[in-house]
Amino acid sequence: MGRTGVLLLNLGGPDKLEDVRPFLYNLFADPEIIRLPSPLLQAPLAWLISTLRAGKSQENYKKIGGGSPLRRITEEQAQAMRDRLKEMGHDVSIYVGMRYWHPFTEEAVAEIKRDKIDKVIILPLYPQFSISTSGSSFRLLEQLWNSDPDLKQVEYTVIPSWYDFPGYLQTMAQLIGKRIDSTEDPDNAHVFFSAHGVPVSYVEEAGDPYRDEMEACTSAIMKTLNRPNNYTLAYQSRVGPVEWLQPYTDEAIEDLAEKGVAELVVVPVSFVSEHIETLEEIDMEYREVAEEAGIKNFARVPAPDTDPTFIQALSDLVLQAMDSPKIAFGDTIRPAENTKLYPQEKWEWGMTNSAEIWNGRLAMVGLLAIIYEMLTGHGLLHAIGLLG
Ligand SMILES: C=CC1=C(C)c2cc3[nH]c(cc4nc(cc5[nH]c(cc1n2)c(C)c5CCC(=O)O)C(CCC(=O)O)=C4C)c(C)c3C=C
Ligand SMILES: [Fe+2]
Ligand SMILES: [Fe+2]
């Protein structure tokens, strides 16, 4: 009998303040996060945006203790699943692979090889699929599997998403129900789902099922909850100049306040751990928006973290996948316009200073070229069809 492993996928977050800039660089260097017409622009633009954004982002991480709790919580989830699966009679190894910070997906895969695992169940810790999250990790893994003869021997199957898995719906319903019971007027508390947004173009042009899965998920949670409360789904954490999924969380809160809603039960729904967008964005920024708009009670539902019902659900998902037909990376949703994932050098603090310097120079030259062309209306970028 061969050895089975479970690979948990997540985004990753900076452990300390000095990790913020390289973490942001790795994030923006991912073509699934920013889609550019040419791969040549990716690294310089990632350098530019991460450099411009690092200060503000660090301020936010300072407010939650100087780093992201994501690594700690994800490792606790892995440990809890290991224990639960063992109690259920399955001795499996569990690995954590983060997309943009330690422990990187590449590190997890190296451990899987070292431990001579024969079969891996790949479980993203995102209940709903998005090209920008699970999709990005699947494409990275596909690249690793295709380029390594040893890995090709390792069997795998992926769980693309699990937004409608009964154990997950039950976890959410229990957590929400408890919070509703803490309000003054439980039947009239408004259940407010705040999901992480994505640009509209992902859904409407690239075929990302994220919005559909999110709507189906919140509706199924409300059915499972089986209470008379009204609910709203809104999207938070917009970045950059393009249009993101609507309604935006801040505007939706203001609308509800205007309609006379007094108590909000706020549910983070796209992510299963506490992280900067729950601890800072919801608990601080949106709470202030709500108070200013006249909401009397802003009651936030905790993320599932290591809730026992939730750990049971994740363990059941793994067991179900073991007995189901294989799902390959290529069977999951791909962007319609087939962007290539190109080799992406991870930036680590103090490691690739030459990359930093070169990306910085390229960014400056690129920026000047773009400004020049916007002013004059012609030049190299127009000639090769990138602008105009
Ligand atoms: C399902 C969850 C998420 C989706 C979808 C998603 C898409 C997405 N994100 C960005 C840009 C940023 N995300 C950042 C942090 C961050 N994102 C998620 C989850 C989703 N992102 C999480 C859980 C976190 C926090 C990790 C942590 O440290 O705790 C950040 C950095 C933080 C900041 O500076 O605000 C950026 C930037 C884009 C552009 C995008 C879709 C295209
Ligand atoms: Fe994000
Ligand atoms: Fe944010």
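Indexing begins at 1, ligand by ligand and atom by atom, following the structure's order.
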Query raised in the report: Is there a donor-acceptor pair under 3.5 Å between the side chain of Asp30 and the backbone N or O of Leu27?
Result: no
Requested in this report: With heavy atoms of Pro199 as the reference, note each atom of ligand 1 found under 4.0 Å away.
Outcome: 41 (C), 42 (C)
Query raised in the report: Out of Ser68, Gly13, Ser132, Ala54, whose heavy atom sits nearest atom 29 (O) of ligand 1?
Result: Ser68
Query raised in the report: Of Leu8, Leu9, Thr332, which meets side-chain contact (heavy atoms from CB on, under 4.5 Å) against Pro124?
Result: Leu9
Query - Atom indices of ligand 1, in the order listed, that fall short of 4.0 Å to a heavy atom of Phe28 - result: 37 (C)
Query raised in the report: Where on Arg53 is there a heavy atom closer than 4.0 Å to ligand 1, on the side chain, on the backbone, on both, or on neither?
Result: side chain
Query raised in the report: Do Lys119's NZ or CZ and the ring of Tyr156 fall within the cation-pi criteria of under 6.0 Å and 45°?
Result: no
Query - Cluster check Val265, Val261: I/L/V/M/F/W/Y, side chain < 4.5 angstrom - result: no
Query raised in the report: Which atoms of ligand 1 sit under 4.0 Å from any heavy atom of Ser270?
Result: 1 (C)
Report summary line: Within 4.0 Å of some non-hydrogen atom of Phe271, the atoms of ligand 1 are 23 (C)
Query raised in the report: Between the side chain of Asn229 and the main-chain N/O of Pro186, is any donor-acceptor distance below 3.5 Å?
Result: yes
**Report entry** Contact check, Tyr61 vs ligand 1, heavy-atom distance below 4.0 Å
**Finding:** yes
**Report entry** Polar contact flag for Trp244 and ligand 1 (N/O pairs, less than 3.5 Å)
**Finding:** no
**Report entry** Qualifying residue for side-chain contact (heavy atoms from CB on, under 4.5 Å) with Leu175, from Val267, Asp307, Ile221
**Finding:** Asp307
Query raised in the report: Side chain, backbone, both or neither: which part of Ile34 comes within less than 4.0 Å of ligand 1 when only heavy atoms are counted?
Result: neither
Requested in this report: Pick whichever of Gln236, His196, Arg71, Glu281 has a heavy atom sitting closest to atom 20 (C) of ligand 1.
Outcome: His196
Requested in this report: Check the pair Ser270 / Gln128 against side chain to side chain donor-acceptor pair (under 3.5 Å), numbers first and verdict last.
Outcome: CA-CA 7 Å; Ser270 43; Gln128 309 82 10; 5.4 Å; no
Report task. Measure Ile276 to ligand 1 on non-hydrogen atoms and call it side chain, backbone, both or neither using the 4.0 Å cut-off. Result -> both
Query raised in the report: Counting each atom of ligand 1 from 1 as listed, which ones have a heavy atom of Val198 under 4.0 Å away?
Result: 5 (C)
Report summary line: Counting from 1 in the order shown, the ligand 1 atoms closer than 4.0 Å to a non-hydrogen atom of Ser57 are 33 (C), 34 (O)
Query raised in the report: Of all the heavy atoms in Tyr100, does at least one lie under 4.0 Å from an atom in ligand 1?
Result: no
Report task. Assess Asn10 for proximity to ligand 1: is some non-hydrogen atom of it under 4.0 Å away? Result -> no
Query - Closer than 2.8 Å to the Fe ion (ligand 2) - protein N, O or S atoms, ordered by chain and residue number - result: His196 NE2
Query raised in the report: Just which atoms of ligand 1 are under 4.0 Å from any heavy atom in Pro14?
Result: 28 (O)
**Report entry** Ile33 contact mode with ligand 1 (heavy-atom cut-off under 4.0 Å)
**Finding:** both
Query - Heavy-atom donor-acceptor pair, Arg179 side chain to Arg300 backbone, under 3.5 Å - result: yes
Query raised in the report: Is it true that Arg139 and Glu142 have a side-chain N and a carboxylate O under 4.0 angstrom from each other?
Result: no
Query raised in the report: Atoms of ligand 1 less than 4.0 Å from Leu24 heavy atoms?
Result: 31 (C), 34 (O)
Query raised in the report: Would Tyr126 and Phe271 count as a close aromatic pair, with their ring centres under 6.0 Å?
Result: yes
Report task. Test the Arg238-Tyr248 pair against the cation-pi criterion, namely NZ or CZ under 6.0 angstrom from the six-membered ring centroid and within 45° of the ring axis. Result -> yes
Report task. Check Lys63, Lys62, Lys56, Arg287 against Glu280 for a salt bridge (charged side-chain N to carboxylate O under 4.0 Å, His left out) and give me the one that passes. Result -> Lys63
**Report entry** Ile122: which of Ile327, Thr157, Val158, Ile159 passes side-chain contact (heavy atoms from CB on, under 4.5 Å)
**Finding:** Val158
Query raised in the report: Heavy atom of Pro69 under 4.0 Å from ligand 1?
Result: no
**Report entry** Test item: Arg211 and Glu215 side chains (from C-beta on) under 4.5 Å apart, heavy atoms
**Finding:** yes
Requested in this report: For the pair Asp181 and Lys178, find out whether any cationic side-chain nitrogen is under 4.0 Å from an anionic carboxylate oxygen.
Outcome: no
